[in-house]
Novice: 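One structure, pasted below without further comment.
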Amino acid sequence: MWTPLSRDFYSRDSAQVARDLLGRILVHESSEGLTSGIIVEAEAYYGEDDPASHAYRGMTERNRVMYGEPGHAYVFLLYGVNHLLNVVTMPRGIPGAVLLRALQPLEGVELMRRRRGVSDALLLASGPGRLSKAMGIDLNHNGVDMTKPPLYISRERILKDFEVVVTPRIGVRDMRPLRFYVKGNLYVSRPKGGAPRA
DNA sequence: GCTAGGATGCTCT
DNA sequence: GAGCATCCTAGCC
């Protein structure tokens, strides 16, 4: 059993939170069963000074949870196919979020395999869409409070003494170094020392 | 092993 | 009506 991170943790700069989430555990206690995984990759997003952010053009119906209480989940659909899971960051009222990009599966691995339809553990959650599907996250989770069960990130850090690699974010035309991942971890979503892509 | 391209639906212009 | 914070399959080395 893990202890959820408090709201204060999320009420900080996105890049700090993203880096600080590495090595902690994302937990989802669903009706189907419990799944969890170690966070090995995350990206930081900001607001109106960040062209890659959904909040770049101000508040809309879709992105309004980014302006709300930190520590809540921001889930949205990409390409009509994939759900992406973010955690809202920054002090309340200032838009910001951290996109969870990859997990190393920990508990409920069989349930993840069933939800994903693949058996290779390296492919279960190595990518934001895959992660959401393996964890059973969908649009119903948009706006839920992640400082308590059933969906939360642990205060405990399971990975210790790892190196953090910083790169530009993936799939966006913005070269700022806002992507963070665990060096050498096989479950990171892209090669250069990470998991296979397909 | 690798790469290219299609799927698919909602938001904002 | 375009453009995505992506994933998977087929087809080719």
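A note on names: the letters A, B, ... follow the listed sequences, proteins ahead of strands, and every chain is numbered from 1.
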Novice: Taking only the side-chain heavy atoms of A:R130 (C-beta and beyond), determine which of C:dC4, C:dA5, C:dC7 contains the nearest atom.
Specialist: C:dC7

Novice: Is the shortest side-chain N to carboxylate O distance from A:R114 to A:E32 below 4.0 Å?
Specialist: no

Novice: When the P atoms of B:dG6 and C:dA2 are considered, how many whole Å apart are they?
Specialist: 16 Å

Novice: Look at the side chain of A:R101 and decide which nucleotide, out of C:dC8, C:dT6, C:dC4, has an atom nearest to it.
Specialist: C:dT6

Novice: Quiz question: by atom type and distance under 3.5 Å, do the side chains of A:D13 and A:Y46 form a donor-acceptor pair?
Specialist: yes

Novice: Please state how far atom CG in A:L84 lies from atom P in B:dG9, giving the value in whole angstrom units.
Specialist: 16 Å

Novice: Return the nearest nucleotide to the side chain of A:R62; candidates are B:dT11, B:dT8, C:dC7.
Specialist: B:dT11

Novice: On the ring face of A:Y45, is A:R169 found with NZ or CZ under 6.0 Å from the centre and within 45° of the axis?
Specialist: yes

Novice: Could you tell me the separation between the CE atom of A:M175 and the C1' atom of C:dA5, rounded to a whole number of Å?
Specialist: 13 Å

Novice: Is B:dG9 paired to anything, Watson-Crick or G-U wobble with both distances less than 3.5 Å, and if yes, which nucleotide?
Specialist: C:dC4

Novice: Provide the Watson-Crick or G-U wobble partner of B:dT3, both distances under 3.5 Å; none if there is no partner.
Specialist: C:dA10

Novice: Round to the nearest Å and state the distance from A:H83 atom NE2 to B:dT11 atom P.
Specialist: 13 Å

Novice: Does OP1 or OP2 of C:dA5 have a side-chain N or O of A:H54 closer than 4.0 Å?
Specialist: yes

Novice: Mind calculating the distance between CE (A:M59) and C1' (B:dC12) to the nearest angstrom?
Specialist: 16 Å

Novice: Would A:S119 and A:R113 count as a side-chain hydrogen bond (donor to acceptor under 3.5 Å, both in side chains) if you check the C-alpha gap in whole Å, the side-chain angles of each, and the deciding distance to 0.1 Å?
Specialist: CA-CA 6 Å; A:S119 56; A:R113 284 195 222 276; 5.3 Å; no

Novice: When you get a sec, tell me which of B:dT13, C:dC7, C:dC4 is the closest nucleotide to the side chain of A:R173?
Specialist: C:dC4

Novice: Given B:dC12, C:dA5, C:dT6, identify the nucleotide with an atom nearest to the side chain of A:N82.
Specialist: C:dT6

Novice: In whole angstroms, how far is the C1' atom of C:dC4 from the CG atom of A:D174?
Specialist: 15 Å

Novice: Just N and O in the side chain of A:R179: are any of them under 4.0 Å from OP1 or OP2 of C:dA5?
Specialist: no

Novice: Starting at CG of A:D138 and ending at P of C:dT6, how long is that distance when rounded to a whole Å?
Specialist: 19 Å

Novice: Do the ring centers of A:H141 and A:H28 come within less than 6.0 Å of each other?
Specialist: yes

Novice: So what does A:N86 hit on the nucleic acid, given a heavy-atom distance under 4.0 Å: a base, only sugar-phosphate, or nothing?
Specialist: base

Novice: Choose from B:dC10, C:dA5, B:dT8 the nucleotide whose nearest atom is closest to any side-chain atom of A:L77.
Specialist: B:dC10

Novice: Can you figure out which of B:dT11, C:dA5, C:dC4 approaches the side chain of A:Y79 most closely?
Specialist: C:dC4

Novice: Rounded to whole angstroms, how far apart are CZ on A:R116 and C1' on C:dT9?
Specialist: 14 Å

Novice: Quick one: A:R64 CZ to B:dT11 C1', roughly how many Å, whole number?
Specialist: 14 Å

Novice: Between atom CG of A:N185 and atom CD of A:Q104, what is the distance when rounded to the nearest 0.5 Å?
Specialist: 5.0 Å

